[in-house]
Structure formats: structure tokens, C-alpha cells
J.: 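Mind having a look at this structure? Questions to follow.
These values consider heavy atoms only, across backbone and side chains, with no hydrogens, waters or symmetry-generated copies. We count ligands from 1, going down the list as the structure has it; atoms in each ligand are counted the same way.
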Amino acid sequence: MAHLCSQVLSTSFFTPKPQIPVLLSPGVACVKSFHQYRFLHIKAMQDGKFATPTSCDESKVRVPHVLTVAGSDSGAGAGIQADIKACAARGVYCSTVITAVTAQNTVGVQGVNIVPEDFVAEQLRSVLSDMPPNVVKTGMLPSTGIVKTLCQSLKEFPVQALVVDPVMVSTSGHTLAGPSILDSFREELLPMADIVTPNLKEASALLGGVPLETIADMRSAAKAIHDIGPRNVLVKGGDLPASLDAVDVFYDGNDFYEFRSSRIMTPNTHGTGCTLASSVAAELAKGSQMLSAVKVAKRYVEAVLSYSKNIAIGGGCQGPMDHLLKLKSNVQRRRFDPCDLFLYAVTDSRMNKKWGRSIVDAVKAAIEGGASIIQLREKEVETGDFLEAAKACLKICRVHGVPLLINDRIDVALASDADGVHIGQSDMPAHVARALLGSDKIIGVSCKTPEHAQQAWIDGADYIGSGGVYPTNTKENNKTIGLDGLKTVCVSSKLPVVAIGGIGMSNAQAVMQLGVPNLKGVAVVSALFDRECVMTETRKLLEVLKESTKIAK
Ligand SMILES: Cc1ncc(COP(=O)(O)OP(=O)(O)O)c(N)n1
Ligand SMILES: Cc1ncsc1CCOP(=O)(O)O
Ligand SMILES: [Mg+2]
């Protein structure tokens, strides 16, 4: 399974419109990078492991699918119920195999009824033989027999990825899987896992009780658990004493990554582990690479925690979260698409003033000319006027489906509900902006070096603005990095890049023909806004850009 996963997760991060790598049922053609999976899948079919489909309509849309194998939580904060809600919120279908039924609420666990092993096996067979999931995620596995049954089923019906949340103790301290299962975890389940996500107590238990008190301990634990066999390990440090930030350590067998997020002060944390693991599974099912899946899942959990921090359900001290926060938003925004960076129009208050036009008129004209994203870079406008302009521009942008970002001012972005921000190296760190803005807003960061680019990615940015490529009068004292500097940033960046600085009709082609796939477009100020007719200039530049992509092909 681990071997398969390296194929499955190789889906390009920069593919503009990623093909959703859903698993296909017998008889339906398969996405290329899944050939290895398909081989096993077809073999399983030939062995008669799958039910014969009664109809095969190729026009049907297959959805990414996670199977969760876990316990039911009557309070619905954790377990199967959390998994279903998290997957639904992330746009992924979730089927369920229930291993235990627990009676629990916000006070604690009042009872546990373990489902007989053969009935767990029957549920597994029902789902795996008829509706193969992309990813299996495990939670509460209360007996060695159930662990063994699951491993056996997964050998019979291989899936693309296995996410193991080694649940042992409930948030309230109730044992959900005793020490007797540790051997089967270590010997059978973990070696099959693509990722295992223990908290500190679970990591310690897996390692025979070693104390874990520092980030250095977490790194050693991640490495030691990796040695047991899973391809990736995420040790969650939420319970780390004396730390203000919540720090998780991710280890992929080669590199360590530390994910830091501001601690959200709330009693409503019941089910965070299940939610995180399900969200990782959901992102993998959609085709993300492992590290990206973990990053996105963490962002989602942070957003849910923050959204739910004051909700009141139950009288106990471990409240649930409200996973479906997205449905509460009355505006459903589409996700950021790197192609949005193609023609990036950045406004400038001085230029608008000089040409006697309002910010709103400037934005309207740029959109009419074909700008694919707008940034309001209004350095000299009073905060109140900036906010009003942002709200007015947002209305226009929404009608045209063009994202609107705010330069520097996270407060204005939040107050106007703009689609995101663009921040520089001297602004607040992008991970803080992310904590403030939540998982769905777009964050761009200015980067001149590979180190900046690496940090932007770790911090959870969506794209990089890199420049000044050419000298410019628009931004004073700005170092020019040239095409070579731009290329160095692009090559080292895991994020899509937009070039900025002195770019216009005469040199846009040279920029776009740099030949690096993650360079997605050009950001332009004076070539559009320091001109009499913004719409005409935008149109002309769009033509140049389109032409350059034709030449590149
Ligand atoms: C798309 C894009 N890239 C870079 C910048 C520059 O941002 P920053 O470094 O914060 O400088 P100011 O624009 O704030 O002067 C940008 N605005 N947009
Ligand atoms: C904001 C910014 N960041 C780097 S260069 C630059 C100015 C780009 O303006 P112009 O497109 O007029 O050169
Ligand atoms: Mg700035």
C-alpha cells in the first residue's frame, strides 16, 4: 500500500484544473497515475472480489470517497459522526464501518459496546466489495481481532491510501482501546499505513511509554514510529506543556516539518483528532499529496475550532465542534485556482487620482479588459474610504467571478469579506494571517528568495508574488531580481508564482516564456493603471499573454 501511494499522490500540485483522481469502478477507464492501483483493482475484480455492477453509465460523476472504520459517538462530536461531517465539509463522500457503539456526551464516556468481529468483517466486505473507497481512515479499533480483520480486508481489497488515527483514550480520559491492541498496531496496521496521526499520549504508548515533553522529543518519536513502518507520521503536540502555539511534527522519512498554529482557547475540542485524520483522508481522496493534505486538513481544523469556540452544546467541559461551518456562509466562494494569477491587476491610489478615476471605476475597467484577479493596493487612502471601496469592488468582482485581494491590510480584508490578502516580507507572518483569515481565504506573499518561498509554503500561503523582475517607479527602493532571480524563486517554490515589477506589453512574453510550470502569470500596476484607458490596456496585455502561452506550446 505504501508503494502504491507514491504513485497516487504524485498528482501535480500546479495542474491548473486538477483532474479529480477518483477511483473508478470496474469497466470505467482510469486516470493515468493510478495504473498501479488499477492493476490490483482489476486483479481483485478477476478474483471475483467485487460485486458486478448492474449498470455502467460512464456519464455519471464519481465522487472522492473515504471509508471510516471507527466507533460511534452518541454525542456526535467525535468518532464516526465527526468523520462523516468532516468529509462532507471537505466535499468527500464518507462510508462507515462501525467497530463499537459508545454512549457519550460532553461530560464523558458512559458506556462502550464493541461490535462483534465477524460483523465488522461483514460491514467491511459490504462496502469494499461494492463501493471501493479511495482512502480508508481508521479511528477506534477496540480489539486485536478487529485490527486483524481490518488488515485482512485491506489486503483483499487494496485501497489507495490508509490513514491511521491510533485512538486509545477519549478526550475525557476513558480508555477506548487498551494496551493489548498495541502489538497488532505495531505489527500489522502501522506497516500498512500511509500516515499515522498519534497525539502525545498515543505516540508515547506506541513507543512503550517514553515520556514526550518537548518538540525534540516529538521529532524523535516521529522517527521511531516511522521505523515501525508507516510512510508518514504526524505527532500532534496539542497537549505539549508550556507551549502557547500548538505545534505538530510531521516526518516523511526524510524531512521533518513543524506546523505551528496559535492555540485557540475553547472548551470545544472534542473530536479534533478524528476530524484532522478524516480531513487528511478527504484531501488524499481528492488527489492531494500527503504534505499538502496535512496542511489543508490542519487549516480546516483550525477554522472549525475558531468558528466553534463559543458554541454551547451540553453541560460538560468537552464540547463538540461545528464541522459544517461552510454551510453557514451565505456566499459559497469557489476555491483559489492558480490560473487566476494569469493577468493580475494591482491598483494604485496615486495613479487613479492622477487620471481622475475612482478605485471602483479602475477595477471595473480592468475586469472588462479581462483581468483574472484584482488586488487593491491603496497606500494613500484613509481606512474608512478603503473599506467602502473594497466593499463596492467586491460586489463587482463577485458578479464576474474574479477574486479580490487586499494589499497589506488584513483588517480591511476581514471587514469587507474580500477573497484574501497580499502581504509582504515586513508584514505579519503568513501563518498569523492564515489564523486570522481562516482556511478559505487566499493569501499571497511577496518572495525574492527560495528561503522566502519555502517559508510562505510552510506558513500556508496560496501563491507567491515575485519581483521586481524589472526596474519600476511604482515601488520605491525595491530590489530588482531580474528574470534569473524570478526563475530561482519559481524553481524552488512549491506554490504557484506570479511575476511583478516593471512588466508590460513589451516584456510580458519574455517573462511568461521563462519555461517554469509554476509561473502562472504577471501582476501589473502602471502598465494598466497609469494609462488613459485601463480597459484597452488590459485587453492588449491579455492578448500578449495568450499569445505567449501559444508560443510556449
Ligand atoms: C502580486 C504581488 N506581488 C508582490 C507585491 C508586493 O507586495 P509587498 O512586498 O508587500 O509590497 P507592497 O505592494 O505592499 O508595496 C504585491 N503587492 N502584489
Ligand atoms: C508592488 C510591487 N512589488 C514589487 S515590484 C512592485 C511594483 C509593480 O508595479 P509596476 O507594474 O508598475 O512596475
Ligand atoms: Mg505590502
J.: Going by heavy atoms, is Lys379 under 4.0 Å from ligand 1?
T.: yes
J.: Does any N/O atom on Lys475 come nearer than 3.5 Å to any N/O atom on ligand 1?
T.: yes
J.: Under 4.0 Å from a heavy atom of Asp408: give me the atoms of ligand 1 that qualify, with their elements.
T.: 10 (O), 14 (O)
J.: For Val534 and Leu528, work out which heavy atoms get closest and say how close.
T.: CG2-O, 3.5 Å
J.: Return the closest protein heavy atom for atom 2 (C) of ligand 2 as residue, atom name and distance.
T.: Lys475 CD, 3.4 Å
J.: Looking at atom 7 (O) of ligand 1, what's its closest protein heavy atom, distance included?
T.: Ser446 OG, 2.8 Å
J.: If you compare all heavy atoms of Leu324 against all heavy atoms of Ala88, which two are closest, and at what distance to 0.1 Å?
T.: CD2-CB, 4.4 Å
J.: Between Thr383 and Arg409, does any side-chain donor sit less than 3.5 Å from a side-chain acceptor?
T.: yes
J.: If hydrogens are left out, which of Lys448, Gln425, His422 has an atom nearest to atom 16 (C) of ligand 1, that is, the closest non-hydrogen atom?
T.: His422
J.: At the 4.0 Å heavy-atom cut-off, does Gly502 count as touching ligand 2?
T.: yes
J.: I'd like to check which ligand 2 atoms, numbered from 1 as shown, lie under 4.0 Å from a non-hydrogen atom of Arg377.
T.: 1 (C)
J.: Can you check whether Leu486 reaches Val497 side chain to side chain, under 4.5 Å on heavy atoms?
T.: yes
J.: Let me confirm one number: the CE-CZ distance from Met535 to Arg539, rounded to the nearest 0.5 Å.
T.: 4.0 Å
J.: Do the ring planes of Tyr251 and His226 sit parallel (below 30°), tilted (30 to 60°) or perpendicular (above 60°)?
T.: perpendicular
J.: Taking the six-membered ring for Trp, are Tyr463 and Phe336 parallel (under 30°), tilted (30 to 60°) or perpendicular (over 60°)?
T.: tilted
J.: Which is it for Asp348 and ligand 2 at heavy atoms under 4.0 Å: side chain, backbone, both or neither?
T.: neither
J.: Return the minimal non-hydrogen interatomic distance between Arg299 and Gly460, and the atom names on each side.
T.: NH2-O, 3.0 Å
J.: Number the atoms of ligand 1 from 1 as they appear, then name those within less than 4.0 Å of a heavy atom of Asn407, with their elements.
T.: 12 (P), 13 (O), 14 (O), 17 (N)
J.: Of the side chain and backbone of Thr474, name the one, both, or neither that has a heavy atom under 4.0 Å from an atom of ligand 2.
T.: side chain
J.: What I want to know is whether Val346 and ligand 1 share at least one N or O pair that is separated by under 3.5 angstrom.
T.: no
J.: Based purely on interatomic distance, does Val525 place a nitrogen or oxygen under 3.5 Å from a nitrogen or oxygen of ligand 2?
T.: yes
J.: Taking just the N, O or S atoms of Asp408, which one is nearest to the Mg ion (ligand 3)?
T.: OD1
J.: Heavy-atom contacts with Ser526 under 4.0 Å: which atoms of ligand 2 show up? List them by number with element.
T.: 10 (P), 11 (O), 12 (O)
J.: For atom 4 (C) of ligand 2, what's the nearest protein heavy-atom neighbour? Residue, atom name and distance, please.
T.: Asn478 ND2, 3.3 Å
J.: I need the nearest protein heavy-atom contact for atom 18 (N) of ligand 1: residue, atom name and distance, please.
T.: Gln375 NE2, 2.9 Å
J.: If we only count heavy atoms from C-beta on, is the Pro429 to Arg434 side-chain gap below 4.5 Å?
T.: no
J.: Under a plain distance cut-off of 3.5 Å, with no hydrogens placed, do Gln425 and Ser446 share a side-chain donor-acceptor pair?
T.: no
J.: Can you tell me if Ile500 contacts ligand 1 (heavy atom of the residue under 4.0 Å from the ligand)?
T.: yes
J.: Write out the residue and atom name of the closest protein heavy atom to atom 13 (O) of ligand 1, then the distance separating them to 0.1 Å.
T.: Arg377 NE, 2.6 Å
J.: Looking only at non-hydrogen atoms, find the nearest pair between Leu234 and Leu276 and report the distance.
T.: CD2-CD2, 3.7 Å
